[in-house]
Amino acid sequence: MKGNNKSQGFLLARLLISAVLLCGGVAQAAQCQYIVTDDWGGGFGATIRITNNGASPINGWSVSWNYTDGSRRTSGWNATVSGSNPYTATPLGWNATIAPNSSVEFGLQGTNGGSKAQIPIVSGAVCSPVVAGSSRAASSAAVNFSSRVTASSFAAGRASSSLVAVARSSSPLSNSSISGVNSQQCNWYGTTTPICVNTTSGWGYEGGKSCVAVSTCTALPAPYGIVGGTNTSKSVSSARVSSSRIAVSSAKSSSSAATISGCDGYATRYWDCCKPHCGWSANLPTGVAALPSCSANNTQLGDINAGSSCGGGNGHMCWGLTPFAVSDKLAYGYAATSSGDVCGRCYQLQFTGSSHNSAGDPGSSALAGKTMIVQATNIGYDVSGGQFDILVPGGGVGAFNACSAQWGVSNAELGAQYGGLLAACKQELGYNASLASYKACLANRCDNVFGARGLTELQKGCRWYADWFEAADNPALKYKEVACPSELTSRSGMNRNGLNDIKNTCN
């Protein structure tokens with residue numbers, strides 16, 4: 001991660017790699033931020049956020065950025081991107097207008113040119129200026145984060161993007177003082193997130209960053225919930241150490257933590273490469289954007305009404321919807337659920353340690369106590385109430401298959417139609433093999449199908465199922481609907497938190 005003489009991002013050691021830089025530009029009082037949400041060594045995920053701090057709407061925007069270390073963008077969503085470094089992004093139409101005190105976001109993924117994700121300057125006519133040497137120019141020397149946070153604390157080397165360091169305009173970092181949105185924070189399933197001051201429910205965006213309402217945070221099960229002291233500002237170093245202790249402590253919490261009260265359910269897996277149900281605006285509530293779809297080479301389509309690849313069209317599932325670990329006890333992802341008004345809703349899943357229909361499954365046992373939050377992106381005619389069909393590359397194509405054509409993979413390489421690569425491993429090894437054998441077989445098939453073809457993003461999502469998800473076969477769980485984390489909504493583009501319509505009933 002490299003700085004420059006205009007603005008420099010915080011370096012959160014090796015694992016907590018999530019930063020924001022304010023952009024340079026000219027007048028319309030918008031704050032333009034580049035936020036690294038994931039960094040897995042060879043690649044990265046990022047969000048660019050444009051916040052209208054002015055008194056009048058912004059109608060139309062264009063922002064640009066440039067990587068100087070050899071990094072390159074490979075895919076994205078919620079914007080039309082042109083150029084090949086520098087890149088320029090423009091809106092899709094539905095996100096062209098930014099109301100006062102509101103923001104729009106678009107996501108991107110790419111390959112790293114260095115050992116860590118670079119934080120480039122974002123510029124554009126809508127962006128507020130950043131003057132070199134001003135209070136917005138950050139000093140990275142003021143924030144050295146302890147390198148003693150070990151890789152074992154975070155599955156697959158991922159860091160939570162909730163632990164975001166922000167280059168603030170309030171005071172130089174050399175003063176070692178930053179003001180919080182609230183004196184308390186929310187331990188959101190092992191990651192620390194600010195508590196909102198004005199937002200009363202769900203997730204909000206205040207003080208230049210995402211926050212969680214008090215009512216939403218206090219509803220979390222133990223050991224999660226409200227944490228922090230009463231001071232309204234704290235030194236950079238103490239804030240970072242506090243955050244790291246909370247994250248590591250929660251990540252290492254015992255798998256015997258109290259199971260949430262909720263509905264009984266279970267998880268299956270699939271990836272059929274079709275355009276999902278929530279990719280059409282008619283299937284979402286008014287005011288909620290539809291899920292973007294991608295072309296066969298994973299380029300986001302500008303036409304939201306493009307036909308599905310499973311029906312003769314060119315709309316496919318975008319690869320950015322693969323699941324990912326936040327810590328060794330928490331993961332985020334996407335899923336198909338039963339029918340109804342489900343698009344954009346999020347559900348907390350806590351795994352109980354047993355399988356729905358495979359007694360003695362060692363993977364389900366190893367998954368006990370882990371938590372996953374999924375956003376509904378699809379419905380399935382064969383998905384029943386309480387079932388969450390998690391999007392996992394290699395998880396099985398199910399009733400439809402556009403993957404063989406999209407990836408150039410034979411049906412046999414994709415494993416069983418229902419159950420995918422793991423089901424093929426169980427057929428190969430038998431149903432009484434060890435957990436280590438199943439995980440090794442699954443990881444090997446992930447590498448052979450995706451890694452050998454250079455589909456590293458899909459390979460990573462497939463390996464997540466072997467590593468974090470313990471190769472669990474249809475694990476049983478408890479679930480309830482929750483507010484969607486910004487890490488999920490920024491990737492999917494679907495955000496219905498403002499509707500405040502979370503249901504407490506079982507689906």
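Heavy-atom basis, side chains included; hydrogens, waters and symmetry copies ignored. Keep in mind that this is a model prediction, so the values were computed, not measured.
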Engineer: For a quick check under 3.5 Å, do S64 and T88 share a side-chain donor-acceptor pair by atom type?
Structural biologist: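 S64 vs T88: donor-acceptor pair found between side chains.
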
Engineer: Kindly indicate whether the side chain of C274, heavy atoms from C-beta on, has any atom under 4.5 Å from the side chain of S308.
Structural biologist: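 A side-chain contact exists here, since the closest heavy-atom pair is under 4.5 Å.
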
Engineer: Are any non-hydrogen side-chain atoms of T322 and L391 less than 4.5 angstrom apart?
Structural biologist: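 Heavy-atom side-chain distance check fails, nothing below 4.5 Å.
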
Engineer: Please confirm whether R269 makes a cation-pi placement over Y418, using NZ or CZ under 6.0 Å from the six-membered ring centre and within 45° of the ring normal.
Structural biologist: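 Output no; distance or angle outside limits.
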
Engineer: Using a 4.5 Å cut-off on heavy atoms from C-beta on, say whether the side chain of I502 contacts that of V482.
Structural biologist: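 No, too far: nothing below the 4.5 Å cut-off.
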
Engineer: Give the minimum heavy-atom separation between G394 and W271, together with the two atoms involved.
Structural biologist: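 The answer is N-CB, 4.4 Å.
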
Engineer: With no hydrogens and no angle check, is any side-chain donor or acceptor of S295 less than 3.5 Å from a backbone partner on T299?
Structural biologist: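 Confirmed, S295 side chain pairs with T299 backbone.
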
Engineer: Can a donor-acceptor pair be found between the side chains of T268 and N474 at a distance below 3.5 Å?
Structural biologist: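 There is no such pair (donor and acceptor under 3.5 Å, judged by atom type) between the side chains of T268 and N474.
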
Engineer: Taking the six-membered ring for Trp, are the ring centroids of W61 and F106 within less than 6.0 Å of each other?
Structural biologist: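 Centroid distance W61-F106: below 6.0 Å, so yes.
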
Engineer: Begin with the C-alpha distance, continue with both residues' side-chain angles, and end with the deciding distance and a verdict on side chain to side chain contact (heavy atoms under 4.5 Å, CB included) for Y87 and Y67.
Structural biologist: CA-CA 9 Å; Y87 300 95; Y67 301 107; 3.7 Å; yes

Engineer: May I ask you to decide whether K503 forms a salt bridge with E481, counting only side-chain N to carboxylate O separations under 4.0 Å?
Structural biologist: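 No salt bridge links K503 with E481.
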
Engineer: Do NZ/NE/NH1/NH2 and the carboxylate oxygens of R496 and D341 come within less than 4.0 Å?
Structural biologist: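 Counted as a salt bridge, because a side-chain N and a carboxylate O are separated by less than 4.0 Å.
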
Engineer: For N66 and P120, which heavy atoms make the closest approach, and how far apart are they?
Structural biologist: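 Heavy atoms only, the tightest pair is O-CB, 3.3 Å.
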
Engineer: So how far is it from T337 OG1 to F388 CZ, rounded to the nearest 0.5 Å?
Structural biologist: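 So the OG1 of T337 and the CZ of F388 are separated by 7.0 Å.
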
Engineer: Donor-acceptor check, side chain of T489 to backbone of S486, threshold 3.5 angstrom: yes or no?
Structural biologist: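 Yes; judged by distance alone, with no hydrogens or angles, the pair exists.
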
Engineer: Side chain of Y332, backbone of P323: donor and acceptor closer than 3.5 Å?
Structural biologist: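 It does not hold such a pair.
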
Engineer: Please evaluate residues F469 and V392 with respect to the criterion side chain to side chain contact (heavy atoms under 4.5 Å, CB included), reporting the C-alpha separation (whole Å), side-chain torsions for both, the decisive distance (0.1 Å), and the verdict.
Structural biologist: CA-CA 11 Å; F469 207 77; V392 179; over 6 Å; no

Engineer: To the closest 0.5 Å, what do you measure between OG (S490) and CG (N78)?
Structural biologist: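 S490 atom OG to N78 atom CG measures 9.0 Å (nearest 0.5 Å).
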
Engineer: Minimum heavy-atom separation for L477 and A267, please, with both atom names.
Structural biologist: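 Taking L477 first and A267 second, the nearest heavy atoms are CD2-N, 3.7 Å.
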
Engineer: Closest approach of A416 and A424, non-hydrogen atoms and distance?
Structural biologist: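 Shortest heavy-atom contact: N-CB, 4.4 Å.
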
Engineer: With distance as the sole criterion, is a donor-acceptor pair present between the side chains of N401 and N411 under 3.5 Å?
Structural biologist: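 A pair is found: one side chain offers a donor N or O, the other an acceptor, under 3.5 Å apart.
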
Engineer: Are any non-hydrogen side-chain atoms of L291 and Y334 less than 4.5 angstrom apart?
Structural biologist: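 L291 vs Y334: side chains apart.
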
Engineer: Going through the checks in order, is the disulfide (SG to SG under 2.5 Å) test met by C310 and C273?
Structural biologist: CA-CA 8 Å; C310 292; C273 297; over 6 Å; no

Engineer: Looking at side-chain heavy atoms only, is the closest gap between W65 and L108 below 4.5 Å?
Structural biologist: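 Yes; the side chains approach each other to less than 4.5 Å.
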
Engineer: Any donor and acceptor pair, going by atom type alone, linking the side chain of N112 with main-chain N or O of G43 inside 3.5 Å?
Structural biologist: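 Flag set: sc N112 to bb G43 pair under 3.5 Å.
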
Engineer: Keeping the roles fixed (side chain from D361, backbone from D473), state whether a donor-acceptor pair exists under 3.5 Å.
Structural biologist: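 Yes; at least one donor-acceptor contact below 3.5 Å.
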
Engineer: Kindly compute the distance separating CG (N297) from OG (S75), expressed to the nearest 0.5 Å.
Structural biologist: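 It is 10.0 Å, given to the nearest 0.5 Å.
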
Engineer: Is the backbone N or O of A472 less than 3.5 Å from a side-chain atom of Y465, with the two atoms forming a donor-acceptor pair by type?
Structural biologist: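 Pair found, side chain donor or acceptor close to backbone of A472.
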
Engineer: So does D447 pair up with R463, basic N to acidic O under 4.0 Å?
Structural biologist: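 Here D447 pairs with R463 in a salt bridge, since their nearest N and O are under 4.0 Å apart.
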
Engineer: Verify the ring-centre separation between W407 and F450: is it less than 6.0 angstrom?
Structural biologist: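 Between F450 and W407, the centre distance is under 6.0 Å.
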
Engineer: Applying side chain to side chain contact (heavy atoms under 4.5 Å, CB included), run through S437 and L429 and close with a yes or a no.
Structural biologist: CA-CA 8 Å; S437 297; L429 300 172; 4.1 Å; yes

Engineer: Which distance, rounded to the nearest 0.5 Å, do you find between the CD1 of I98 and the CG of N52?
Structural biologist: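 Between atom CD1 of I98 and atom CG of N52 there are 6.0 Å.
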
Engineer: Under a 4.5 Å cut-off applied to non-hydrogen side-chain atoms, are S102 and T51 in contact?
Structural biologist: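 In short, these two side chains do not touch, never coming nearer than 4.5 Å.
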
Engineer: Do E470 and K370 sit within salt-bridge range, that is, some charged N less than 4.0 Å from a carboxylate O?
Structural biologist: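 Judged by the 4.0 Å cut-off on N to carboxylate O distance, E470 and K370 do form a salt bridge.
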
Engineer: Within the 4.5 Å heavy-atom criterion, are S309 and N314 side-chain neighbours or not?
Structural biologist: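 Of all side-chain heavy-atom pairs linking N314 with S309, none is under 4.5 Å.
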
Engineer: Looking only at heavy atoms, what is the nearest atom pair of S355 and S364, with distance?
Structural biologist: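 Of all heavy-atom pairs spanning S355 and S364, the closest is CB-OG, 3.5 Å.
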
Engineer: Just wondering, do L455 and W319 contact through their side chains at under 4.5 Å, heavy atoms?
Structural biologist: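 Result yes, sub-4.5 Å side-chain heavy-atom pair found.
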
Engineer: Give a yes or no on whether a salt bridge exists between R491 and E105, defined as a side-chain N under 4.0 angstrom from a carboxylate O.
Structural biologist: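 Salt bridge absent between R491 and E105.
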
Engineer: Is R345 reaching over with its side chain to a backbone N or O of C484, donor-acceptor style, under 3.5 angstrom?
Structural biologist: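 Pair absent, no side-chain N/O of R345 close to backbone of C484.
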
Engineer: Do the side-chain N and O atoms of Y266 and Q387 include a donor-acceptor pair separated by under 3.5 angstrom?
Structural biologist: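 Per modelled atom types, Y266 and Q387 side chains form a pair under 3.5 Å.
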
Engineer: Of all the heavy-atom pairs spanning A376 and V342, show the shortest one and how long it is.
Structural biologist: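 Closest approach of A376 to V342: CB-O, 3.3 Å.
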
Engineer: Nearest 0.5 Å please: distance from the SG atom of C506 over to the NZ atom of K478.
Structural biologist: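 So the SG of C506 and the NZ of K478 are separated by 8.5 Å.
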
Engineer: Under the 3.5 angstrom rule, does the side chain of N95 hit a backbone N or O of V104 as a donor-acceptor pair?
Structural biologist: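 No, the answer is negative, given that no donor and acceptor are paired below the 3.5 Å cut-off.
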
Engineer: In Å and rounded to the nearest 0.5 Å, what is the CD to NZ distance from E428 to K426?
Structural biologist: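 It is 13.0 Å, given to the nearest 0.5 Å.
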
Engineer: Would you find a donor on one side and an acceptor on the other, under 3.5 Å apart, between the side chain of S404 and the backbone of V409?
Structural biologist: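 Yes; at least one donor-acceptor contact below 3.5 Å.
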
Engineer: Might you work through the side chain to side chain contact (heavy atoms under 4.5 Å, CB included) test for K275 and M317, ending with a clear yes or no?
Structural biologist: CA-CA 5 Å; K275 176 178 177 176; M317 194 87 66; over 6 Å; no

Engineer: Would you check if the side chain of Q375 reaches a backbone N or O of C346 as a donor-acceptor pair within less than 3.5 Å?
Structural biologist: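 Such a contact is absent between Q375 side chain and C346 backbone.
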
